[in-house]
Amino acid sequence: MSETITPVNDRFGGFVSVRSRERLLDGLRQKGIDNECVLNALARVPRHDFVEEALKSRAYEDTALPIGYQQTISQPYVVALMTQLLLTGRDRLERVLEIGTGSGFQTAVLAQVCASVFSIERIGALAELAHYRLEKLGIENVSLRHGDGTNGWRTKGPFDGIMVTAAPNRVPDSLFAQLAERGVLVAPEGSNRQQRLLYWVKKNGIALRHQSIDVVFVPLQPGQA
Ligand code: SAH
């Protein structure tokens, strides 16, 4: 079957297939992503603007891709699932903390469904690039910080959602302390190769733990680079 290549509205001037984006969204629906706000957010954010030139043609495959510095941009399904878990049926959140900005793609998706996003990245070069990309796309409700996000961003909390996009062995207690009542924390937990995506919902001051799918994330590392 021949493919029509149509330019999409991206300010980086690239050309990508509209059909491949639609196919990706259909695939996400089939895998159980049913929150329309999440699907709309993914439809709005051009993933090809968050990967390097040589990988743009693969931006709408449902796979993680390298972003340099031994880090990866997460698989679209995992981005959608984590966003859906964070929303837990709600349309919108007020304040969200993301730990591990990476490419900035998940950050941009969160910015579509949250009033304010606070995101921390430990690798300076990635933080800078993400800042540039978000600015180019006109996304203004994100505050980025270069630093170690292991213990959150206390002065900006409490948050009604916290998303960790690198895997700790155990989610630090300090993050739960920054979670608002009825807030949700989503994080992968485990060792290098064996991780489970978990989410906690805070009720009456206690965070109740739930399990989701097995995942592979880069490890949450201390310090900054
Ligand atoms: N959501 C991102 C995922 C990037 S990979 C995306 O889709 O592009 C995870 C990121 O977490 C990496 O960029 C890594 O540098 C960062 N990271 C790891 N440990 C961290 C820490 N302690 N504080 C902040 N960022 C961290």
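Whatever order the structure lists them in is the order used to number ligands and atoms, beginning at 1. Every value quoted in this text rests on a predicted model; they were computed, and no experiment measured them.
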### Message
For atom 19 (N) of ligand 1, what is the closest protein heavy atom, and at what distance to 0.1 Å?
### Response
Gln221 N, 3.0 Å
### Query
What is the nearest protein non-hydrogen atom to atom 9 (C) of ligand 1, stated with its residue, atom name and distance?
Thr165 O, 3.3 Å
### Query
Val186 pairs by side chain to side chain contact (heavy atoms under 4.5 Å, CB included) with which of Ile162, Leu81, Leu85?
Leu85
### Query
Among protein heavy atoms, which lies nearest atom 23 (N) of ligand 1, and at what distance?
Gly149 N, 2.8 Å
### Message
Side chains of Thr83 and Gln106 only: does a donor on one sit below 3.5 Å from an acceptor on the other?
### Response
yes
### Query
Going hydrophobic residue to hydrophobic residue with side-chain gaps under 4.5 angstrom, can you get from Leu197 over to Val218?
no
Which side-chain N or O atoms in residues 141-148 pair as donor and acceptor under 3.5 Å with protein atoms at least two apart or in another chain?
{"residue": "Asn141", "atom": "ND2", "partner": "Ala111", "partner atom": "O", "Å": "2.9"}
{"residue": "Asn141", "atom": "ND2", "partner": "Cys114", "partner atom": "O", "Å": "3.0"}
{"residue": "Asn141", "atom": "ND2", "partner": "Ala115", "partner atom": "O", "Å": "3.3"}
{"residue": "His146", "atom": "NE2", "partner": "Arg122", "partner atom": "O", "Å": "3.0"}
{"residue": "His146", "atom": "NE2", "partner": "Gly124", "partner atom": "N", "Å": "3.2"}
{"residue": "His146", "atom": "NE2", "partner": "Ala225", "partner atom": "O", "Å": "3.1"}
{"residue": "Asp148", "atom": "OD1", "partner": "Thr150", "partner atom": "N", "Å": "2.9"}
{"residue": "Asp148", "atom": "OD1", "partner": "Thr150", "partner atom": "OG1", "Å": "2.5"}
{"residue": "Asp148", "atom": "OD2", "partner": "Gly223", "partner atom": "N", "Å": "2.8"}

### Query
Going by the atom numbers of ligand 1, which of them fall below 4.0 Å from some non-hydrogen atom of Ile123?
15 (O)
### Message
Minimum distance, heavy atoms only, to atom 2 (C) of ligand 1: which one of Leu110, Thr101, Ile73 is it?
### Response
Thr101
### Message
I need the nearest protein heavy-atom contact for atom 11 (O) of ligand 1: residue, atom name and distance, please.
### Response
Gly100 CA, 3.2 Å
### Task
Show your working on side-chain contact (heavy atoms from CB on, under 4.5 Å) between Leu110 and Leu86 and close with a plain yes or no.
CA-CA 10 Å; Leu110 287 172; Leu86 200 73; 3.8 Å; yes
### Query
Would you say ligand 1 has an N or O under 3.5 Å from any N or O of Val79?
no
### Query
Between Gln71 and ligand 1, which residue portion shows a heavy-atom distance shorter than 4.0 Å: side chain, backbone, both, or neither?
side chain
### Query
Should you measure from each heavy atom of Asp148, which atoms of ligand 1 turn up under 4.0 Å away?
21 (C), 22 (N), 23 (N)
### Query
Among protein heavy atoms, which lies nearest atom 16 (C) of ligand 1, and at what distance?
Glu121 OE1, 3.4 Å
### Query
Any side-chain heavy atom of Ile73 sitting closer than 4.5 Å to one from Arg47?
yes
### Query
Side chain, backbone, both or neither: which part of Val218 comes within less than 4.0 Å of ligand 1 when only heavy atoms are counted?
side chain
### Message
Distance under 4.0 Å to a non-hydrogen atom of Leu126: what atoms of ligand 1 satisfy this?
### Response
13 (O)
### Query
Which of the listed options, Ile120, Thr72, Thr107, holds the heavy atom that is closest to atom 4 (C) of ligand 1?
Thr72
### Task
Report yes or no: does Pro219 have a heavy atom closer than 4.0 Å to ligand 1?
yes
### Message
Is any side-chain heavy atom of Arg209 closer than 4.5 Å to one of Leu198?
### Response
yes
### Task
Identify the heavy atoms of Ile67 and Ser103 that sit nearest to each other, and give their distance.
CD1-N, 3.5 Å
### Task
Looking only at protein heavy atoms, identify the closest one to atom 7 (O) of ligand 1 and say how far it is in Å.
Ser74 N, 3.0 Å
### Task
Measure the distance from atom 6 (C) of ligand 1 to every protein heavy atom, then report the residue, atom name and distance (to 0.1 Å) of the closest one.
Ser103 OG, 3.6 Å
### Query
Can we say Arg23 and Asp26 salt-bridge, meaning some charged N sits less than 4.0 Å from an Asp/Glu carboxylate O?
no
### Query
So is Gln224 close enough to ligand 1, meaning a heavy atom under 4.0 angstrom away?
no
### Task
Taking only heavy atoms of Ala166 into account, list the atoms of ligand 1 that are under 4.0 Å away from them.
11 (O), 18 (C)
### Query
Which one of Val96, Leu134, Thr107 satisfies the side chain to side chain contact (heavy atoms under 4.5 Å, CB included) criterion with Ser119?
Thr107
### Task
Please work out whether the ring planes of Trp200 and Phe176 are parallel, tilted or perpendicular, with thresholds of 30° and 60°.
perpendicular
### Message
Please list the nearest protein heavy atom to atom 20 (C) of ligand 1 with its residue and the distance rounded to 0.1 Å.
### Response
Arg122 CD, 3.4 Å
### Task
Please state whether Gly223 comes within less than 4.0 angstrom of ligand 1, counting heavy atoms only.
no
